[in-house]
Visitor: 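Submitted below is the structure of interest, expressed as structure tokens.
None of these values were measured; they are calculated from a predicted model. Sequential numbering from 1 along the given sequence is applied to the chain's residues.
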Amino acid sequence: MAGADREEVVHPGMKVAEVLARWPHLLEVLVEASPAFQKLKNPLLRRTMPALVTVAQAARIGGLEPEELVARLNRALGKEGAPPGGGGGAESLLGTPPPPWLAAPVGFHLDVRPILEQGGEPFQAIMAAAREVGPGTKLVLEVLFEPIPLYKVLGKQGFLAWCERLGERHYRVHFYRQEVRQGQGVAAGPASLSEEDWRDYQAEVFIEENLEPPLPMMRVLEALAGLRPGEKLLVHHVRRPVHLLARLEEEGHAYLLEDLGPGQVKILIRKGG
């Protein structure tokens, strides 16, 4: 029964989505722990935002130590003491030695603190800025907390990262886009599809102009969930959905995107195994 007991506590490596699915009442504990978790009160955002974020990562986002947040959640479950498995904070880059590429020229400098302070979501602005950064230069990001999940997202686009803390709620993150040497490519997610793949698909989704985020993403992900691995979904969209594309890369789905003109984008997605 010892194994069962371990399953009844929150661990640093558990996904926030899993925690909220098993113990919905812990939502209020998260919201009370940090203002950064206020947006989780929105049911639609709650279904998309925490799916890939662990409790340890969420703690860093909220300006807390992972051990502190885990202990608070477990106390709400009537469990005392730290769970086995350690603090789970190894993904933080704070305190690591400055990398040799830190002196690289700045390709784009973006301060998203005003967006965060107003309760907004800066992901789209960050991804747009990253597209403006060429090989051998860096994106400098000013944020309110260390954006640990962003390391993996931009890492798949060929970026290295380093973070420094400048104040109580001021972090500066440097993202360096690696130079591509001859014969060497930069990984950018799952293997891409070919033009021949457009010929057949198993499901189709249409996104209307007046559909507010995150509903377009939810519609696509729900359609994708109904497919078997290897099957393809054709999406007719009104814009390039940067949040969705990042999510597809995270989950290992291949995709092919084509801009057809203003307000017309089609995306072919092959479900990963």
Visitor: Specify the closest pair of heavy atoms between L110 and A125, including all atoms of both residues, with the distance to one decimal.
Guide: CD2-O, 3.7 Å
Visitor: For K271 and L224, indicate whether the former's side chain and the latter's backbone hold a donor-acceptor pair under 3.5 Å.
Guide: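 Checked: pair present.
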Visitor: G272 and P229: which non-hydrogen atoms are nearest, and at how many Å?
Guide: O-CB, 3.6 Å
Visitor: Within this structure, what is the OH-CZ distance for the pair Y171 and R165, rounded to the nearest 0.5 Å?
Guide: 3.5 Å
Visitor: Between Y151 and A161, what is the shortest heavy-atom contact and its length?
Guide: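 Closest approach of Y151 to A161: CD2-CB, 3.7 Å.
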Visitor: Apply side chain to side chain contact (heavy atoms under 4.5 Å, CB included) to E204 and list each qualifying residue two or more places apart in sequence or on a separate chain.
Guide: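 Expected list: Y201, F206, L234, H236.
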Visitor: Distance-only, no hydrogens or angles: does the E209 side chain make a donor-acceptor pair with backbone N or O of V238 under 3.5 Å?
Guide: no
Visitor: Same hydrophobic cluster for L227 and L244, using side-chain heavy-atom links shorter than 4.5 Å among ILVMFWY?
Guide: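 L227 clusters together with L244.
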Visitor: Quick one, R247 and V220 - any side-chain contact, counting heavy atoms below 4.5 Å?
Guide: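 The answer is no, as the side chains (C-beta and beyond) never meet within the 4.5 Å cut-off.
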Visitor: If you define the side chain from C-beta out and look only at heavy atoms, does anything of E18 sit under 4.5 Å from V10?
Guide: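 When only atoms from C-beta onward are counted, V10 and E18 do not touch, as no gap falls below 4.5 Å.
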Visitor: Does the R239 side chain pair with the main chain of P241, one donor and one acceptor, at a distance under 3.5 Å?
Guide: no
Visitor: Applying a strict under-4.5 Å side-chain criterion to I, L, V, M, F, W and Y, I'd like to know whether V143 and F123 cluster together.
Guide: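 Yes, same cluster.
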Visitor: With the side chain counted from C-beta on, respond yes when V29 and L69 share a heavy-atom pair under 4.5 Å apart, and no when they do not.
Guide: no
Visitor: Once rounded to the nearest 0.5 Å, what's the spacing between atom CG of L141 and atom CG of L150?
Guide: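 That separation rounds to 6.5 Å.
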Visitor: So do the side chains of Q202 and D200 get within less than 4.5 Å of each other, counting heavy atoms only?
Guide: yes
Visitor: What is the distance from atom CG of L154 to atom CZ of F175, rounded to the nearest 0.5 Å?
Guide: 5.0 Å
Visitor: Any heavy-atom pair between the side chains of P147 and V173 that's under 4.5 Å?
Guide: yes
Visitor: Out of curiosity, T137 OG1 to F108 CZ, how far, rounded to the nearest 0.5 Å?
Guide: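 Those atoms lie 11.5 Å apart.
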Visitor: Could you state the interatomic distance from CG (L27) to CD (E32), rounded to the nearest 0.5 Å?
Guide: 10.0 Å
Visitor: R113 versus R169: any side-chain heavy-atom pair under 4.5 Å?
Guide: no
Visitor: Quick one: closest heavy-atom pair of M14 and V9, and the distance?
Guide: SD-O, 3.7 Å
Visitor: Are the side chain of R177 and the backbone of L139 linked by a donor-acceptor contact shorter than 3.5 Å?
Guide: no
Visitor: Quick one: does any side-chain atom of R270 pair with a main-chain N or O of L256 as donor and acceptor, under 3.5 Å?
Guide: no
Visitor: Do L245 and R240 come close enough that some side-chain heavy atom pair is under 4.5 Å?
Guide: yes
Visitor: For the CD1 atom of I148 and the CG atom of L94, what is their distance to the nearest 0.5 Å?
Guide: 7.5 Å
Visitor: Classify the angle between the aromatic ring planes of H174 and W162 as parallel (below 30°), tilted (30 to 60°) or perpendicular (above 60°).
Guide: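 Rings of H174 and W162: tilted, as their planes differ by 30° to 60°.
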Visitor: Is there a donor-acceptor contact under 3.5 Å from the side chain of D197 to the main chain of S194?
Guide: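 Looks like yes, one N/O pair under 3.5 Å.
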Visitor: Indicate the atoms forming the closest heavy-atom contact of A33 with R72, along with that distance.
Guide: CA-NH1, 3.1 Å
Visitor: Are W101 and L93 grouped together when hydrophobic residues (ILVMFWY) are joined by side-chain heavy atoms under 4.5 angstrom apart?
Guide: no
Visitor: For V205 versus L233, what's the shortest heavy-atom pair and its separation?
Guide: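 Minimum heavy-atom separation between V205 and L233: CG2-CD1, 3.8 Å.
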Visitor: Hey, is NZ on K266 packed in by over 12 heavy atoms from elsewhere, all under 6.0 Å?
Guide: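 Correct, the count exceeds 12.
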Visitor: Would you say F159 ends up clustered with Y176 if hydrophobic residues are merged whenever their side chains have heavy atoms under 4.5 Å apart, either directly or through other cluster members?
Guide: no
Visitor: Answer yes or no: is there a side-chain heavy-atom contact under 4.5 Å between I207 and V265?
Guide: no
